[in-house]
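Reviewing the structure listed below.
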Amino acid sequence: MALEHAILVSLDERAGTGYELARRFDRSIGFFWAATHQQIYRTLKRMVDLGWVTCHEEAGTGRPDRKVYEPADAGRAELTRWLAEPGEPETIRHELAVKVRGASLGDVAAVVAEVARHRGLHAERLDAYRALEARDFPDPSGLTGRRLHQHLVLRGGVRAEQALVEWCDEVLAALREDTRR
C-alpha cells in the first residue's frame with residue numbers, strides 16, 4: 001500500500017487541510033500506517049499533480065488562508081482500483097524479537113528490561129485503543145458501513161496489542177525462569 005491510498009481513505013472520510021490530515025494520522029490512521037507530517041505534505045502535492053485530490057483555498061479570519069484537500073474523481077477511481085487489487089500478507093519487522101533471539105549473546109538482564117519496557121508500552125497502547133473503542137463505539141452490534149469498517153480496524157489494533165502484551169509476559173516469565181536455572 002502506498003501512503004496515497006491511506007490519504008485518499010482519510011480525505012474521503014473528511015476533507016481537510018494538510019495539518020488536519022497530519023493530526024488524523026497522529027491520532028488514528030498512524031496506528032496502522034505511519035507517516036511524518038513532511039511525507040504527508042509531499043504526498044498531497046504529488047496527488048494534486050496526479051489529479052487524485054483537489055485543493056481549494058479558504059480565507060482565514062485573522063490567520064493565513066488554508067488549503068483544503070478532498071478526493072477528486074480520479075482519486076476515487078484509484079482507490080476503487082486499489083481496493084480490488086489483491087495484496088500480500090505483511091512481513092513484520094520486529095526488533096524486539098531479534099533481541100530476544102540473540103539474548104544469549106549479550107546481557108540477558110538488559111533484554112529482560114527491554115521486554116518489560118515494551119510490555120508497558122503495549123499495555124498503554126492497548127488501554128488507549130480500548131478507551132477509543134468505549135468512547136467512539138459504545139454499541140458495536142449496530143454498526144454498518146464506514147463506522148463498522150473503522151471499528152474493525154480498531155479491533156485489529158486491540159487484538160494485536162493484546163497479543164504483544166501476552167507475548168511479552170510469556171518472554172519475561174521464560175527468561176526469568178531461565179536465569180534461575
Side-chain angles (χ1 to χ4, degrees), residues 1-88 90-96 117-118 120-140 142-162 164:
M1 177 173 83
L3 176 57
E4 287 85 351
H5 299 113
I7 288 174
L8 283 169
V9 168
S10 182
L11 289 175
D12 194 65
E13 290 176 353
R14 187 172 66 243
T17 66
Y19 176 78
E20 291 165 344
L21 186 60
R23 297 275 304 174
R24 277 187 245 163
F25 268 74
D26 289 344
R27 289 183 303 211
S28 64
I29 293 171
F31 291 140
F32 58 89
W33 190 266
T36 66
H37 291 208
Q38 237 180 357
Q39 289 171 313
I40 291 168
Y41 282 105
R42 272 196 314 267
T43 303
L44 280 170
K45 182 185 179 328
R46 186 171 52 250
M47 293 171 74
V48 167
D49 293 344
L50 288 168
W52 289 3
V53 298
T54 60
C55 177
H56 66 275
E57 289 197 16
E58 288 182 357
T61 322
R63 60 178 193 252
D65 293 348
R66 306 168 358 126
K67 289 183 178 181
V68 178
Y69 298 89
E70 57 189 319
D73 290 342
R76 285 190 179 91
E78 168 56 22
L79 195 52
T80 299
R81 182 206 63 76
W82 175 76
L83 287 168
E85 182 180 271
E88 294 300 318
E90 301 290 324
T91 300
I92 298 172
R93 292 175 48 183
H94 201 280
E95 181 179 342
L96 186 61
R117 186 178 76 80
H118 276 253
L121 294 171
H122 288 296
E124 285 176 14
R125 190 175 296 163
L126 177 58
D127 289 345
Y129 287 178
R130 285 179 172 156
L132 282 171
E133 185 175 32
R135 184 192 74 203
D136 295 345
F137 305 100
D139 180 20
L143 295 174
T144 61
R146 179 173 282 165
R147 297 286 294 154
L148 172 64
H149 307 154
Q150 292 168 340
H151 182 251
L152 291 171
V153 171
L154 180 58
R155 287 299 306 154
V158 166
R159 293 180 62 116
E161 292 304 324
Q162 280 176 320
L164 286 166

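Contact annotation: the side chain of Gln150 never approaches that of Asp136 to less than 4.5 Å [non-hydrogen atoms, C-beta and beyond]. Side-chain contact between Leu132 and Leu154 is present, with at least one heavy-atom pair separated by less than 4.5 Å. Contact check for Lys67 versus Glu58: no side-chain heavy atoms found under the 4.5 Å cut-off. Residues Trp52 and Ile7 have side chains not in contact (no heavy-atom distance under 4.5 Å, counting atoms from C-beta outward). Contact annotation: the side chain of Tyr19 approaches that of Tyr41 to within less than 4.5 Å [non-hydrogen atoms, C-beta and beyond]. At least one side-chain heavy atom of Phe32 sits under 4.5 Å from a side-chain heavy atom of Val153.
Between the side chain of His149 and the backbone N or O of Gly145 there is at least one donor-acceptor pair closer than 3.5 Å.
Under the salt bridge (charged side-chain N to carboxylate O under 4.0 Å, His left out) criterion, Glu88 pairs with no residue at all, not counting sequence neighbours. Applying the salt bridge (charged side-chain N to carboxylate O under 4.0 Å, His left out) test to Glu95 and every residue at least two apart in sequence or in another chain returns Lys99. Applying the salt bridge (charged side-chain N to carboxylate O under 4.0 Å, His left out) criterion to Arg155, with sequence neighbours excluded, gives Glu133. Among residues two or more places apart in sequence or in another chain, the side chain to side chain donor-acceptor pair (under 3.5 Å) test is passed with Asp139 by Ser141. For Glu70, there are no side chain to side chain donor-acceptor pair (under 3.5 Å) partners at least two apart in sequence or on another chain. With sequence neighbours excluded, the residues that form a side chain to side chain donor-acceptor pair (under 3.5 Å) with Arg117 are Glu114. Taking Leu152 as the reference, Leu148 meet the side-chain contact (heavy atoms from CB on, under 4.5 Å) condition, with sequence neighbours excluded. Applying the side-chain contact (heavy atoms from CB on, under 4.5 Å) criterion to Ala22, with sequence neighbours excluded, gives His37, Ile40.
For residues 7-17, the pairs satisfying salt bridge (Lys or Arg N to Asp or Glu O under 4.0 Å) are Asp12-Arg76, Asp12-Arg146, with sequence neighbours left out. Applying the salt bridge (Lys or Arg N to Asp or Glu O under 4.0 Å) definition to pairs two or more places apart or across chains, those involving residues 33-45 are Lys45-Asp49. The stretch residues 20-41 participates, sequence neighbours left out, in these salt bridge (Lys or Arg N to Asp or Glu O under 4.0 Å) pairs: Glu20-Arg66.
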Inset, instruction - Verify side-chain contact (heavy atoms from CB on, under 4.5 Å) between Cys55 and Val68, making sure each step is shown before the conclusion. - result: CA-CA 5 Å; Cys55 177; Val68 178; over 6 Å; no
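When the shell of 6.0 Å around CZ of Arg147 is examined, it contains more than 12 heavy atoms from other residues, nucleotides or ligands.
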For residues 120-130, which side-chain N or O atoms pair as donor and acceptor with protein atoms under 3.5 Å away, sequence neighbours left out?
| from | atom 1 | to | atom 2 | distance (Å) |
| --- | --- | --- | --- | --- |
| His122 | ND1 | Glu161 | OE1 | 2.6 |
| Arg125 | NH1 | Glu161 | OE2 | 3.4 |

